[in-house]
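Letters go in sequence order (proteins before strands), and every chain restarts at 1.
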There are 2 protein chains.
Amino acid sequence: MSDTASPSPTPPRPAGRAKPRQSDIARAAGVSQATVSLVLRGAATGVVLAPETRRRVLSAAEELGYVPDPVATRLAAARNGMLGLYTFSTTFPTDVAHSYYPVLVGVEEEAAAQGQDLILFTGASRAADPTSDAAAVRRVRAADGCLFFGRHVPRDPIRRLSEDGFPFVYIGRREEPGISYVGADYVSASAEVAARLAALGHRRVRYLRENDDAPASTDRERGVADGARGSGLETDGLVERTDGGDVEARLARWRDEGVTAVITEETDTGAALSGLTAAVARAGLSCPGDLSLALLGTPAAAPAAPVPGLAGAISGFGVPMREMGRAAVRLLLDLIEGGPAPRSHLLACEPVAGATIGPPHPGR
Amino acid sequence: MSDTASPSPTPPRPAGRAKPRQSDIARAAGVSQATVSLVLRGAATGVVLAPETRRRVLSAAEELGYVPDPVATRLAAARNGMLGLYTFSTTFPTDVAHSYYPVLVGVEEEAAAQGQDLILFTGASRAADPTSDAAAVRRVRAADGCLFFGRHVPRDPIRRLSEDGFPFVYIGRREEPGISYVGADYVSASAEVAARLAALGHRRVRYLRENDDAPASTDRERGVADGARGSGLETDGLVERTDGGDVEARLARWRDEGVTAVITEETDTGAALSGLTAAVARAGLSCPGDLSLALLGTPAAAPAAPVPGLAGAISGFGVPMREMGRAAVRLLLDLIEGGPAPRSHLLACEPVAGATIGPPHPGR
DNA sequence: CTGAAAGCGCTTACAG
DNA sequence: CTGAAAGCGCTTACAG
């Protein structure tokens, strides 16, 4: 090509194979670069091109192996076909990462199905200080829209995105008005667990929740309380909070008080559950032999080894993480395409029969 | 701010809170936009700014809550702090996704540690036709560099990236010259497995590989053959290929031939392994009681239920998927920063003792 | 139906 | 030490 050495201003491209731009196509097809853009983006704008022009442009594009530069496309104020996923977590042990995996799978599946790429915004974890958190959240603007996930969410940076009209949806219920989310119906599912225990004959039950006010925890507590009231469980002293470390003493007390069943919750730390199962094991109790045990939420991972004292899988309900991920992607795409109308979904949780609840066996 | 209503040409921003650009900072600090860019990017260029100017710009940026637009940054030929991950797979069942998960974890960890975001390029799976595959691969240019992963890789699109000088690294060994990868040392690990069987007293062994020529399979076969030769195993008829469906008949034949151990490989489909374990179960054999069984590679997931006939975890070696992911990120970053010098690593595999190999027990 | 122009928000030589 | 200009590759009104 440029072997006939007439000094040209264009720098020599390696074998004419460097990535072609619209202007290259324009030159080849004898039209303007803007026309190339119109042809290539399809009839979206309602503009009608002469069939012959279309053909010339298309074949030149094909021949040159043109592919639009996603970065330029995005900068020019169009969409870039990228969805963000930003995960908040208190810390970043692998365990927590694993507990998020099902959501990722759902998000990835649906994104692929919709032809969208995914930007995983990492580093949420490292930011101890809120400032860098804000900066980190800002980066999500690189995507057309973003999914947020995690029990604890810094409100300010997100409020700002909202004010700027940036489309995003939470995975998990949120209290902030006018914000879209896809959540799990923890209230109903938790109430059902309480009712299940009542139906087995339990009356004095404890709900051990984590000392941490995420919406998921609030909903579960409300559901347990509602369910207890509705099914005849005692409600006095029903709810206790823990950080996971003091469960052994509580357990002894509960046994003295005649408690026959304990409900706890799964969170990203798993502190309440692991504290409880450890206490049960150390006390030499078995479930449901000595005590019924129910769990609100899916355990992060099946325990590597059988937990001593538990007859099998823990009874309670599972969270439809994967489906939440999928639904969130669909909702986000609606937001990006459609108007600003925020909507939200609450997905039903699946009851888990499990093997750790049974009729009451009063202790001591 | 703009309450003193002197008609300004700037459109009214909602409460002055819309996302600020460098030009906004420039106006506030009384400098040019280019200067803002210089200050904000740090002293990278060696340019020395007046401390006072720096201060003014920085504080204006802080006050306005400035965050650089990653898309614009990238388009202006700089980096945008995003690494791509492109996964090729023959198909996209959840099982396959799961088998890739450990790699993703490693990649994600290291990316986070290095302050890089991750773009997951999806849809590799859908592309039946090579053309759209090419287009899909092109998209990776949105990132500073890209990781490729999967047994089967379309060569043309990638060659093109290479010609264009786009930085990328494979996760898994590649044959193409001048390309960087982080692989597993399947040859050594496979040879060791063969030697382990020989040391237990086996002589007539079969290696059942998948009928599919990915580098990983080639390496494993070579390792098994090397190991067999080196340790005194019979090499005639050592290797057989399968698609997974016909294993039952082979197994019967092997027993007739006096084969005492079978080695197979793990792949993204898992066809050979699942075919083999199913055949063992149906034949009512037990491992290592009737037959020793070894596996080259980590099973995608621990089987939900114990596999009938197997005394426990399958013997063989594990692939350091997570560490490969981490190493690949580091290598990619080197590539992006440093020169074009391609380098590659081969990581050692961890032997897995397991419970399915033992001394030979000639069948029938 | 198509072209010329402006602009997305940044970086990067190049002058002063 | 800082400003003015050009450019990254595209989209989007706006004229013809």
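B:Arg322 and B:Glu109 are joined by a salt bridge, as a carboxylate oxygen and a charged side-chain nitrogen come within less than 4.0 angstrom of each other.
Distance, A:Gln22 CD to C:dA4 C1': 15 Å, rounded to whole Å. D:dC10 atom C1' lies 15 Å from atom CZ of B:Arg74, rounded to whole Å. In this structure, B:Leu38 places its CG atom 11 Å from C1' of C:dA13, rounding to the nearest Å. The separation between A:Glu52 atom CD and C:dT2 atom P is 9 Å, rounded to whole Å. Rounded to an integer number of Å, the gap from A:Gln33 CD to C:dC8 C1' is 14 Å. Between the CG atom of A:Leu75 and the P atom of D:dC8 there is a distance of 13 Å, given to the nearest Å. Spacing between atom CG of B:Asp24 and atom C1' of C:dC10 amounts to 13 Å, rounded to whole angstrom units. Here D:dC10 presents its C1' atom at 12 Å from CD1 of A:Ile25, a figure rounded to the nearest Å.
With a cut-off of 3.5 Å on both pairing distances, the Watson-Crick and G-U wobble pairs of DNA chain C assemble into stems of 3 or more at C:1-3 with D:14-16, C:5-12 with D:5-12, C:14-16 with D:1-3.
The A:Thr35 side chain lies nearest to C:dG3 when the options are C:dT11, C:dG3, D:dC10. Checked against C:dG9, D:dT11, C:dT11, the side chain of A:Thr73 finds its nearest nucleotide in D:dT11.
A distance-only check finds a donor-acceptor pair linking the side chain of B:Arg56 to the backbone of B:Ala29 [under 3.5 Å]. The backbone N or O of B:Ala143 lies less than 3.5 Å from a partner atom in the side chain of B:Arg74, making a donor-acceptor pair.
Residue B:Ser37 has no polar side-chain atom (N or O) positioned under 4.0 Å from OP1 or OP2 of C:dC10.
Along DNA chain C, the nucleotide nearest to B:Ala34 and the one nearest to A:Ser32 differ in position, and the one closer to the 5' end is contacted by A:Ser32.
Enclosure of atom CD in B:Glu176 by more than 12 non-hydrogen atoms of other residues, nucleotides or ligands within 6.0 angstrom is indicated.
The CG atom of B:Asp144 sits 12.0 Å away from the CG atom of B:Leu335 when rounded to the nearest 0.5 Å.
The distance between the ring centers of A:Phe168 and A:Phe148 falls below 6.0 angstrom. Checked against the 6.0 Å centroid criterion, the rings of A:Tyr86 and A:Phe149 do not qualify as a close aromatic pair.
Heavy atoms of B:Thr53 sit under 4.0 angstrom from primed sugar atoms or phosphate atoms, though from no base atom.
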